[in-house]
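Chain letters run A, B, ... following the sequence lines, proteins first, then strands; residues in each count from 1. We use all heavy atoms of the structure for the numbers below, so side chains are in, but hydrogens, waters and symmetry mates are not.
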Protein chains: 4
Amino acid sequence: MSSSQRKPARRSTGARRSAEAEEAILQAAGEILQEAGYAGFSIEAVARRAKAGKPTIYRWWRGKADLLLDAYHRQKPEIPVPDTGNLEEDLTVFVGTLLEHWRTTPSGNIFRSVLAEAQNDEAAAEAVRDYALDRRDHIAGIVKRARDRGEVASDTDPHAVAELVISFAWTQLITHRWPGEAELRAILRLIARGAKAERA
Amino acid sequence: MSSSQRKPARRSTGARRSAEAEEAILQAAGEILQEAGYAGFSIEAVARRAKAGKPTIYRWWRGKADLLLDAYHRQKPEIPVPDTGNLEEDLTVFVGTLLEHWRTTPSGNIFRSVLAEAQNDEAAAEAVRDYALDRRDHIAGIVKRARDRGEVASDTDPHAVAELVISFAWTQLITHRWPGEAELRAILRLIARGAKAERA
Amino acid sequence: MSSSQRKPARRSTGARRSAEAEEAILQAAGEILQEAGYAGFSIEAVARRAKAGKPTIYRWWRGKADLLLDAYHRQKPEIPVPDTGNLEEDLTVFVGTLLEHWRTTPSGNIFRSVLAEAQNDEAAAEAVRDYALDRRDHIAGIVKRARDRGEVASDTDPHAVAELVISFAWTQLITHRWPGEAELRAILRLIARGAKAERA
Amino acid sequence: MSSSQRKPARRSTGARRSAEAEEAILQAAGEILQEAGYAGFSIEAVARRAKAGKPTIYRWWRGKADLLLDAYHRQKPEIPVPDTGNLEEDLTVFVGTLLEHWRTTPSGNIFRSVLAEAQNDEAAAEAVRDYALDRRDHIAGIVKRARDRGEVASDTDPHAVAELVISFAWTQLITHRWPGEAELRAILRLIARGAKAERA
DNA sequence: GGATAACCGAGACGGTACGTCCTGTCTTCGA
DNA sequence: TCGAAGACAGGACGTACCGTCTCGGTTATCC
């Protein structure tokens, strides 16, 4: 029996990805995370809310973790890098702004969910690792400026300083704590002093 | 047994809570977390492995989070507090030992799972918050000793130092990173310097 | 690391199959087939209507075909075997009753669905084959009685007669036809005459 | 809405139906039915195999049933009408040839699928009903010739005889049975005797 | 010979159903 | 009388098809 498979007579591309659908899905994902948290977040729930078919979601995202990360990146805080001429002040303003953003917008809840998912899903874990390094480099810029001003010891590694800053902020988030102004400043003063200190 | 003349048809009161069952359940929970991580952890899986009924688990634990916390407390690391006479060394040894313990025993995976669950479950979140404060006080002891030795500035808050140390360790855990010896020392030297520094 | 798998300390049996659930599921299956036909029949729809969980259905039936067959056997027509002393009359009454039953109760629609499913599913196909043979033997009984009365030629195979009777009835069903009284009698007279005839 | 002044710009025609696509689609449908049966038959599968777009199929066929019927008519058996001068022989040869054709070519599987689909789809059901009547008239021709030869009782309805013949053949098909030579002859002898018999 | 409309393939879309897994509650029975 | 075994309702998982739609690209006419 001959096969009916014809050679592709034409080159064609097919329909394009629907921007409306993508938008509606990410929107719905964000809303669910904001309203019901990670516990209420499911592909089914997102599809229902976005009035999208589940296969549409699975066509563009590999799973829960992938969608979660996209929803986060879509509304992650873009914290302005302060430049007050003083390292302690710069770091305090930066972390204060970040925590305030997490506390008052959905992004805190979403990022918390991303961190939780990263404990399940290796892809999410890697994405979080990459994101942490990216943020570390970002904050290291603040420290480098301080070093250029001569405010920081020459043997201080800006990445190490940034690592401490990030660790503090993330840990506050995952333990659901929102430090007061004084507490915040005390911590970042400690870091800034450590950076400034000459070799022992 | 009964001594009275008129015996009740049956004197027996039934089985008592089985310590063996509790042990098997916690054991199974730990093993699953070690082998398959949080993703493979389910009440069903624990019951299967422990050869216990699901209702037995639900009778003694309120849910996933509760069981998880119990499994953690059962084998949480009891890191000895070092006393080398030098703050930086004390902190480096302490954190190094902690991370090594997390890396080489089930406790790292289990605590990671507890942190993940705390993003969903309010009870777990509160338990984590309490645990964080407990650990903070624990580590603050190291700093207080250094202050008593005059190694630390008088206006340094031992709790703030401890907070930074914990944040660093926990963040390494949740981002699945295991810093090398040099990297670890650089971070803790930074903290120790910040603690020692006189008022700016 | 030691395994936590304990030896089963007790032999126990667990909860028993719920007769209510089974009843509700078969009831729902029958109603759906009656109201919406095979096209509207799905495990999901049955579960919804029976207020049962899908896993409960899959626990006891291997799939659509299996459930369908059970629903059929539950309300299949138990046509009384007539005994009028005349073969043509017996067969006409039997087939007329059967077709009438199929036409006026859900069982016709259900059996039609079973036949359709048997074209997809090998298990259903075998069940249908077995059922056909069973019915053939059943009807052959009518012919044997006629042979004992001397009404039928000695070289007539009762099974062959029964085969023709069944084929006629089933084909009417699958072509959605309901023959009139006269048409029905003409066909069965033909069969009865064939059975009676002496060797040519 | 629009003014009648302005005539339709053009009476355009455009590209015509692609015979190549139609051919490939029917070919693919037949192959799938032959290889995987009705269970593996889906519009998606046909489109994939024929390297055609789904809308192309839906443009020319109303759905699964329609395509199925077309695929059947395309290769339905054209059984030659035998003329041996003996009714029993004619019918045995005819049915034997038909069953052999169904058994050894795709047409059996395809027709089985058509019958299955006719239990779901009203259009298919009607087509099957029409086809059954057409086949009945076709076979009735054999009986009429026998009546003209005086081989058949004058009060025998050729349509009733044909009905029985068809019913037998179709029922064998849908129960996936292939009767042996002896069994086949016994059945058709029964029919032929019934046709010949004088009024009781 | 250029415009134009219907065709074509490819494939995304909102949906429904599939069959599996897990949750937390319940029922049964054995010790 | 408690614990094991496991059934239960429910709901999410990720996949396959349904039938419709929107793309570009092609082709055959008509002006």
Side-chain angles (χ1 to χ4, degrees), chain A residues 6 8-18 20-22 24 41-48 50-60 62-64, chain B residues 10 12-18 20-21 41-45 47-48 50-60 62-64, chain C residues 6 8-18 20-22 24 41-48 50-60 62-64, chain D residues 9-18 20-21 41-45 47-48 50-60 62-64:
Chain A
R6 293 182 297 150
R10 292 154 215 239
R11 284 281 121 237
S12 181
T13 47
R16 298 281 166 253
R17 178 172 188 174
S18 158
E20 288 83 359
E22 183 179 2
F41 183 78
S42 72
I43 300 283
E44 295 241 352
V46 172
R48 260 196 306 274
K51 292 197 176 304
K54 272 200 296 176
T56 300
I57 297 182
Y58 283 105
R59 190 174 300 117
W60 301 113
R62 270 170 307 176
K64 209 167 170 171
Chain B
R10 264 207 307 165
S12 165
T13 52
R16 292 282 171 257
R17 177 172 184 176
S18 158
E20 191 196 352
F41 183 79
S42 73
I43 299 285
E44 291 250 347
R48 235 180 348 253
K51 294 202 174 303
K54 277 199 293 175
T56 303
I57 297 181
Y58 281 106
R59 189 170 302 114
W60 303 112
R62 271 172 308 177
K64 210 167 169 170
Chain C
R6 292 182 298 148
R10 292 153 212 243
R11 281 285 119 236
S12 181
T13 46
R16 297 282 166 255
R17 178 171 187 174
S18 157
E20 289 84 357
E22 182 177 5
F41 183 78
S42 72
I43 300 282
E44 296 241 350
V46 172
R48 259 196 308 272
K51 291 197 176 305
K54 273 200 294 175
T56 300
I57 298 181
Y58 283 105
R59 189 173 299 118
W60 301 112
R62 270 169 310 176
K64 208 167 169 168
Chain D
R10 186 109 64 112
R11 261 283 284 125
S12 168
T13 49
R16 292 287 168 254
R17 177 172 188 173
S18 158
E20 192 197 350
F41 183 78
S42 73
I43 300 284
E44 293 248 349
R48 234 178 351 249
K51 293 201 173 301
K54 277 199 293 175
T56 302
I57 297 180
Y58 282 105
R59 189 173 299 115
W60 302 113
R62 271 172 307 177
K64 208 165 169 169

(message) In this structure, how many angstroms lie between the C1' atom of F/dG6 and the NZ atom of B/K51, rounded?
(response) 14 Å

(message) Pick the closest DNA chain E nucleotide for D/R59 and for A/A52 by heavy atoms, then say which residue is nearer the 5' end.
(response) D/R59

(message) So, does D/T56 get its side chain near the phosphate of E/dG9, meaning an N or O under 4.0 Å from OP1 or OP2?
(response) yes

(request) Give the rounded distance in Å between these two atoms: OH of A/Y58 and P of E/dC13. (result) 15 Å

(message) Taking atom types as they are modelled, would you say the side chain of B/K54 forms a donor-acceptor pair with the base of E/dG24 within the 3.5 Å cutoff?
(response) yes

(request) Select one nucleotide: of E/dC8, F/dG24, F/dA16, the one nearest the side-chain heavy atoms of A/R16. (result) F/dG24

(message) Main chain of C/A24, side chain of C/K51: is a donor-acceptor contact present, judged purely on distance under 3.5 Å?
(response) no

(message) Return whichever of C/S18 or A/A15 has its heavy-atom-nearest nucleotide of DNA chain F closer to the 5' end.
(response) C/S18

(message) From C-beta outward on B/A21, which listed nucleotide comes closest to its side chain: F/dA4, E/dT25, E/dG11?
(response) F/dA4

(request) Report the distance from atom CD of A/E22 to atom P of E/dC13, rounded to the nearest whole Å. (result) 9 Å

(message) I want to check something: taking the side chain as every heavy atom from C-beta on, are C/W60 and C/R17 in contact at a cut-off of under 4.5 Å?
(response) yes

(message) Closest-nucleotide mapping onto DNA chain E: is B/K64 or A/E44 further toward the 5' terminus? I mean the 5' end.
(response) A/E44

(message) From CD1 of A/I43 over to C1' of E/dG15, roughly how many Å is that when rounded to an integer?
(response) 16 Å

(request) Of all the heavy-atom pairs spanning A/I43 and A/I57, show the shortest one and how long it is. (result) O-CD1, 3.9 Å

(message) I need the CD1-P distance between D/I57 and F/dT20, as an integer number of Å.
(response) 13 Å

(message) Check this one for me: any side-chain N or O of D/W60 less than 4.0 Å away from OP1 or OP2 of E/dC8?
(response) yes

(message) For a quick test of reading the model, state the closest non-hydrogen atom pair linking D/A47 to D/G53 and the distance between them.
(response) CB-C, 4.4 Å

(message) Counting neighbours of CZ on D/R62 that are heavy atoms of other residues, nucleotides or ligands and sit closer than 6.0 Å, is the number greater than 12?
(response) no

(request) Select one nucleotide: of F/dC17, F/dA12, E/dC18, the one nearest the side-chain heavy atoms of A/R48. (result) F/dA12

